[in-house]
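A short worksheet on the structure shown next.
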Amino acid sequence: MNEMKETLTRKVKSEIKERLERFDLREEIDEKGNIQLWLKLYNLKDILHIAQLVKDFGGRCIIISAYKKNNHSVLVYHFDIDGMILNVELELFDNKVYSITPILNSANWAEREFKEMYEIELIGHPNPARLFLDESIAEGVLREYMPLSQAMNGAATCCMWEKIENERLKDEN
Amino acid sequence: MKTKIPIGPFHIGLEEPIYFKITLNGETVDEVDMINGFVHRGIEYLAMQKNFFQNLILTERVCALCSNNHPFTYVMAVEKIAGIKISKRAEYLRVIADEVKRIASHMFNLSMLAHLIGFHSLMTQTMEAREIVQDIKESIWGNRMDMSANTLSGVKYDLNESQIEYILKSLDKVEKEADELIDIYFNNKLVKARTVNVGVLPKEDAIRLGVAGPTARGSGVNNDVRLKAPYAAYDELKPEFIIEEGGDVYSRMRVRWREVKDSIRLLREALNNLPEGPIVTQKRPHIPAGEAVTRSEAPRGELIYYLKTNGSQKPERMRWRVPTYMNWEALRVMIPGNKLSDVAVIFNSIDPCISCTER
């Protein structure tokens with residue numbers, strides 16, 4: 001089993017070297033012999049090459065994690081290739097990224113979620129619709145600080161009653 | 001003539017809120033659209049405001065049925081960053097808690113299948129058999145859902161000889177009941193009429209969409225994390241390679257029952273070979289800066305955690321993805337072409353957890 005994993009890792013690493021020009025790559029093996037690759041990309045378009053590579057190996061996108069670093073967003077893609085995880089880090093300095101959903105359908109929801117939570121612009125997603133948040137909530141909400149009183153919309157005070165009364169009066173008029 | 005029918009967000013046939021917009025052509029579903037977000041609670045954001053011990057409590061409350069897998073996968077990520085090695089006994093105890101949860105979760109889903117096809121005596125019988133597993137949880141962990149079994153660097157519970165004997169005796173009872181139930185679920189005409197060739201997910205679509213758990217294994221795709229990337233004691237306690245090829249509701253049901261049987265086998269093996277050792281190795285471990293990805297096989301499939309730390313007491317970023325997140329899109333393949341009355345049965349067959357998915 002471990003021998004098969006090592007052979008697969010070797011093949012994936014050699015393909016990465018073949019298809020990309022500039023990158024950092026490190027390998028991590030846990031005590032059970034599970035292998036994870038950590039890849040850092042410097043060219044935005046390279047994520048499309050990696051998605052194609054994962055597809056060629058019969059892999060899938062497990063999830064994409066987004067977080068904020070200084071003033072820009074960072075994406076960490078997590079792919080699975082027959083039990084091996086390939087983690088790919090990509091920093092977005094202009095908050096735009098190419099969608100990999102046309103290549104790997106399994107990335108569909110993950111891309112839509114970081115779009116609405118971090119206001120990251122997706123280039124070429126087939127269905128960039130909202131996933132969880134209502135249209136009335138601004139995109140990028142996870143990056144914002146929101147006081148509890150505002151989040152509750154005054155639900156614990158007379159503000160809520162006043163709001164309902166105002167809306168009722170508006171309707172009547 | 002085409003008709004549009006809304007189901008949800010709150011509906012008697014749905015366990016949790018979700019909104020289906022169904023286009024019907026006569027009695028047959030032509031197209032289905034789904035709208036989510038009714039139970040989005042921002043738990044990921046909340047997790048970044050809590051310290052590493054508080055997050056044990058929080059992650060266990062993301063969902064009820066796979067509540068053990070959340071802290072289990074989370075602690076593995078923290079331990080990986082901190083370089084903490086846990087004892088063999090703790091690894092076995094983690095597996096025992098998880099397999100008990102798997103049996104209870106699968107049997108709940110299977111009883112819901114019986115309920116949705118109108119076979120109420122079968123539903124009652126399945127729930128009664130599941131009660132034996134619920135009793136194990138309540139007796140050993142003190143709770144029927146949230147077992148609080150995991151902690152950083154080990155587990156919070158231990159088993160003595162009499163407790164092991166009690167669990168083994170209870171497993172004999174569950175197995176006897178399960179064998180009787182399996183015969184009905186696999187062979188009964190009513191069950192087969194409502195499940196065979198219903199909600200088919202072809203293998204190529206299962207691979208394309210990256211579905212997980214029994215949903216994948218019912219379509220001939222095995223990505224059981226316990227086998228593909230072993231963790232805890234799963235390198236020693238090997239689960240069976242369970243796969244069905246039909247891709248329909250019947251196949252997914254068969255996978256779950258076969259897994260119930262295999263979990264009973266795994267539990268016996270773990271309980272009879274429980275190694276000696278401490279249950280916790282470090283009381284208050286320091287968590288340095290780093291990042292880690294860990295995953296486990298929850299009852300519904302692969303659960304993955306991404307954790308990034310910066311040396312403080314709280315995660316810098318924590319992200320998780322539950323199996324339903326991937327299985328959801330498969331409903332767009334499974335539902336069209338089926339009767340409207342089968343929608344709830346198909347929906348149940350992915351064992352959906354909306355509370356987990358939306359967080």
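Order of the sequence lines fixes the chain letters, A, B, ..., with proteins taken first and strands second; residue numbering starts at 1 for each chain.
Note that CD1 of I63(A) is 10.0 Å distant from CD of E302(B), once rounded to the nearest 0.5 Å. Between the NZ atom in K80(B) and the CG atom in D30(A) there is a gap of 5.5 Å [rounded to 0.5 Å]. Atom CG in N223(B) sits 4.5 Å away from atom CZ in R60(A) (nearest 0.5 Å). Here R112(A) contributes atom CZ and N36(B) contributes atom CG; the two are 7.5 Å apart, rounded to the nearest 0.5 Å. In this structure, I62(A) CD1 and I304(B) CD1 are separated by 4.0 Å, a value rounded to the nearest 0.5 Å. Separation of atoms OH (Y67(A)) and CD (E316(B)) is listed at 6.5 Å; rounding is to 0.5 Å.
When atom types are taken as modelled, the side chain of N34(A) and the backbone of P230(B) share a donor-acceptor pair closer than 3.5 angstrom. For the pair Y325(B) (side chain) and W109(A) (backbone), a donor-acceptor distance under 3.5 Å is present. Side chain of R208(B) to backbone of S106(A): no donor-acceptor contact under 3.5 angstrom is found.
Annotation: maximal heavy-atom pairing with chain B below 4.5 Å, among G33(A), A66(A), A107(A), occurs at A66(A).
Around the NZ atom of K88(B), the shell of radius 6.0 Å holds more than 12 heavy atoms that belong to other residues, nucleotides or ligands. Around atom CD of E27(A), more than 12 heavy atoms belonging to other residues, nucleotides or ligands sit under 6.0 Å away. Within a 6.0 Å sphere centred on CD of E28(A), heavy atoms belonging to other residues, nucleotides or ligands number more than 12. When the shell of 6.0 Å around CG of N71(A) is examined, it contains 12 or fewer heavy atoms from other residues, nucleotides or ligands.
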Practice prompt. For K85(B) and E31(A), run side-chain contact (heavy atoms from CB on, under 4.5 Å): C-alpha distance rounded to whole Å, both residues' side-chain angles, the deciding distance at 0.1 Å, then the answer.
Written response: CA-CA 10 Å; K85(B) 195 167 160 35; E31(A) 53 177 14; 3.2 Å; yes
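The side-chain heavy atoms of E89(A) and E291(B), taken from C-beta on, include a pair separated by under 4.5 Å.
Ion pairing between E236(B) and K32(A) fails under the 4.0 Å rule for side-chain N and carboxylate O. Between D80(A) and K228(B) no salt bridge is recorded (no basic side-chain N to carboxylate O distance below 4.0 Å). Remark: R319(B) engages E113(A) in a salt bridge, criterion side-chain N to carboxylate O under 4.0 Å.
For Y231(B), the part lying under 4.5 angstrom from a heavy atom of chain A is the backbone only. Heavy atoms of I103(A) lying under 4.5 Å from chain B are absent altogether. Of the atoms belonging to N105(A), heavy atoms from both backbone and side chain fall under 4.5 Å from chain B. The contact between A232(B) and chain A is made entirely by backbone atoms, counting heavy-atom distances below 4.5 Å.
Using bins of under 30°, 30° to 60° and over 60° for the plane-to-plane angle, the ring pair Y306(B)/H78(A) lands in the tilted bin.
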